[in-house]
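Side-chain atoms are counted along with the backbone in the values below, which use heavy atoms only and exclude waters and symmetry mates.
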Amino acid sequence: MDTTSGIVSFTTHLFSPSISFPRPLAPQLRTSSRIPPRIRCSASSTSELTPDKLPTSIGFSVTGGAYDFMKATTSLTNELISSPKKVTLLRHGLSTWNSESRIQGSSDLSILTEVGEEQAERCKKALENIYFDQCFASPISRAKQTAEIIWQGREKPLVYLDLLKEISLYHLEGMKNVDAKQIYPKEYTIWREDPANFHMNGRYPVRDLWIAARDCWKEMLLSPGESFLVVTHKSILRALTCTALGLGPERFRSIDINNGGICVFNFNIRGEAMLEALNMTAHMYSDHVYPG
């Protein structure tokens, strides 16, 4: 350790330049004969990789992005995947039932509004510099329409997964929130305030959604390719996000994702997730384009 200068130096073996920042001495040390030591932080070099320490994420970042993360959470695949993967999750554009404050669930009667179509076009523009090996989408109309707009002009076909369908809310679907609260006060209150214990038609819909999300992650992560786009609905996106982070269904309402909002996950070869971005919406209010 260098004790001859008042310098804080950060050095990484991944990038050869060493950047040093002058650090003024604390007032009480200015009269001291001892100069504060220099602090040096280093990252492991790629030349030090061994078979038991394989590359586990895509790319590097000079702003502090993790390179080799291990045991981030429990594996979503329980087996090694072919390569590290980046998965971009996107919620569909504004729908007719969104604008009418109706409960949508798995109903296929709600479609994109004109505003929703414009939002999908914004998403398309925002993602134009990013290469995706595949696009997985819910087959429900509002998500399917969004995916078709975004994916237009790309060569590979869309892949529709039933596991990406929205949560089933049975007889609440199609009702305005204000009416559901008045007609089914008990069920509606539990749905809003204790969703993990929401029970309807002999099922626990949120718990079922968690099972679907885990199965969906495994199917997608075991698919060929390194970069995926996923277009679907808010509730299943909440479940996908929470299951990736190791959170249970009781955390269902701890995450919100706007229409057109984008989330990004990185996965290492063990199928462990690291959240890179949550509910990005800059592109919805500007001409922002995300880098490839």
Side-chain angles (χ1 to χ4, degrees), residues 56-58 69-92 104-106 132-140 143-144 147 158-170 190-191 194-257 261-279:
T56 52
S57 66
I58 301 172
F69 65 98
M70 299 176 62
K71 298 183 179 178
T73 62
T74 55
S75 172
L76 292 172
T77 56
N78 294 319
E79 60 182 281
L80 294 179
I81 59 179
S82 59
S83 63
K85 298 183 189 291
K86 175 169 285 191
V87 182
T88 301
L89 307 173
L90 187 147
R91 185 185 172 196
H92 64 76
Q104 296 187 113
S106 59
F132 295 107
D133 293 293
Q134 295 193 65
C135 177
F136 300 101
S138 163
I140 296 176
K144 182 179 179 182
L158 287 163
V159 179
Y160 296 104
L161 296 180
D162 285 344
L163 289 169
L164 287 172
K165 286 183 175 180
E166 185 58 304
I167 189 172
S168 293
L169 295 175
Y170 304 100
I190 295 175
W191 160 239
D194 188 16
N197 291 313
F198 173 63
H199 185 265
M200 182 169 281
N201 282 32
R203 307 292 304 178
Y204 288 91
V206 174
R207 299 182 196 180
D208 289 343
L209 198 66
W210 250 241
I211 295 172
R214 292 191 187 99
D215 290 343
C216 188
W217 273 128
K218 187 169 185 177
E219 180 165 346
M220 292 190 296
L221 293 174
L222 293 177
S223 298
E226 295 184 351
S227 180
F228 300 148
L229 175 64
V230 179
V231 183
T232 187
H233 314 267
K234 183 198 285 194
S235 291
I236 183 63
L237 282 172
R238 282 172 160 169
L240 288 168
T241 302
C242 285
T243 52
L245 296 176
L247 303 175
E250 69 280 358
R251 303 301 298 275
F252 176 76
R253 295 203 183 278
S254 65
I255 294 172
D256 197 17
I257 301 170
I262 293 174
C263 307
V264 181
F265 277 96
N266 289 311
F267 290 87
N268 62 24
I269 60 169
R270 299 168 186 82
E272 299 162 347
M274 181 175 66
L275 179 64
E276 179 180 312
L278 178 66
N279 196 29

When you measure from the side chain of [X] to the backbone of [Y], do you find a donor-acceptor pair of N or O atoms at a distance under 3.5 Å?
{"X": "Asp133", "Y": "Phe228", "result": "no"}
{"X": "Lys165", "Y": "His233", "result": "no"}
{"X": "Ser106", "Y": "Glu166", "result": "no"}
{"X": "Gln134", "Y": "Ser227", "result": "no"}
{"X": "Ser138", "Y": "Ile140", "result": "yes"}
{"X": "Trp210", "Y": "Ala196", "result": "no"}

Answer whether the closest heavy-atom distance between the side chains of [X] and [Y] falls below 4.5 Å.
{"X": "Val230", "Y": "Thr88", "answer": "no"}
{"X": "Ile262", "Y": "Leu89", "answer": "no"}
{"X": "Pro195", "Y": "Val206", "answer": "yes"}
{"X": "Glu272", "Y": "Thr74", "answer": "no"}
{"X": "Asn197", "Y": "Arg207", "answer": "yes"}
{"X": "Val87", "Y": "Leu221", "answer": "yes"}
{"X": "Thr241", "Y": "Leu245", "answer": "yes"}
{"X": "His92", "Y": "Thr232", "answer": "no"}

Which pair of non-hydrogen atoms, one from [X] and one from [Y], has the smallest distance, and what is that distance?
{"X": "Val231", "Y": "Cys135", "answer": "CG2-SG, 4.1 Å"}
{"X": "Ile269", "Y": "Ser83", "answer": "CG2-C, 3.9 Å"}
{"X": "Asn78", "Y": "Ser75", "answer": "N-OG, 2.9 Å"}
{"X": "Thr77", "Y": "Gly271", "answer": "OG1-CA, 3.8 Å"}
{"X": "Asp162", "Y": "Pro139", "answer": "OD1-CG, 3.5 Å"}
{"X": "Cys263", "Y": "Ile257", "answer": "SG-CD1, 3.8 Å"}

Gap separating the [atom1] atom of [X] from the [atom2] atom of [Y], nearest 0.5 angstrom:
{"X": "Arg253", "Y": "Ile255", "atom1": "CZ", "atom2": "CD1", "result": "12.5 Å"}
{"X": "Leu164", "Y": "Phe136", "atom1": "CG", "atom2": "CZ", "result": "8.5 Å"}
{"X": "Phe265", "Y": "Leu275", "atom1": "CZ", "atom2": "CG", "result": "4.5 Å"}
{"X": "Lys86", "Y": "Phe132", "atom1": "NZ", "atom2": "CZ", "result": "9.5 Å"}

- Item | Cationic tip of Lys144 above Tyr160 ring, under 6.0 Å, 45° of axis |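 Relative to the ring axis of Tyr160, which defines the angle, Lys144 lies inside both limits.
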- Query: Does Glu79 pair with Arg270 as a salt bridge, N-O distance under 4.0 Å?
  - Reply: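 No, this pair does not count.
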- Query: Less than 4.0 Å between a side-chain N and a carboxylate O, is that true for Arg238 and Asp256?
  - Reply: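 Yes.
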- Go through the structure and list residues passing side chain to side chain donor-acceptor pair (under 3.5 Å) with Arg214, not counting sequence neighbours.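 Not a single residue meets the side chain to side chain donor-acceptor pair (under 3.5 Å) criterion with Arg214.
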- Message: I'd like to check the side chain to side chain donor-acceptor pair (under 3.5 Å) partners of Trp191; sequence neighbours left out, ordered by chain and number.
- Response: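 Counting only residues at least two positions away or on another chain, Trp191 forms no side chain to side chain donor-acceptor pair (under 3.5 Å).
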- Item | Contact list for residues 239-251, test salt bridge (Lys or Arg N to Asp or Glu O under 4.0 Å), sequence neighbours left out |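 The answer is none; no pair qualifies.
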- Candidate list Leu240, Leu76, Ile236, test side-chain contact (heavy atoms from CB on, under 4.5 Å), partner Cys216, passing option: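 It is Leu240, the one option of Leu240, Leu76, Ile236 that forms the side-chain contact (heavy atoms from CB on, under 4.5 Å) with Cys216.
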- Given the side-chain rings of Phe198 and Tyr204, with only the six-membered ring counted for Trp, is the space between their centroids under 6.0 Å?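 Centroid separation for Phe198 and Tyr204: 6.0 Å or greater.
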- Check the surroundings of atom CZ in Arg203: do more than 12 heavy atoms from other residues, nucleotides or ligands lie under 6.0 Å from it?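 Open: at most 12 neighbouring heavy atoms sit under 6.0 Å from CZ of Arg203.
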- Donor + acceptor pair across side chains of Asn279, Arg91 (<3.5 Å):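 Not at all, the side chains of Asn279 and Arg91 share no donor-acceptor pair under 3.5 Å.
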- Message: Between Met220 and Leu163, does the side chain to side chain contact (heavy atoms under 4.5 Å, CB included) criterion hold? Intermediate values first, please.
- Response: CA-CA 10 Å; Met220 292 190 296; Leu163 289 169; over 6 Å; no
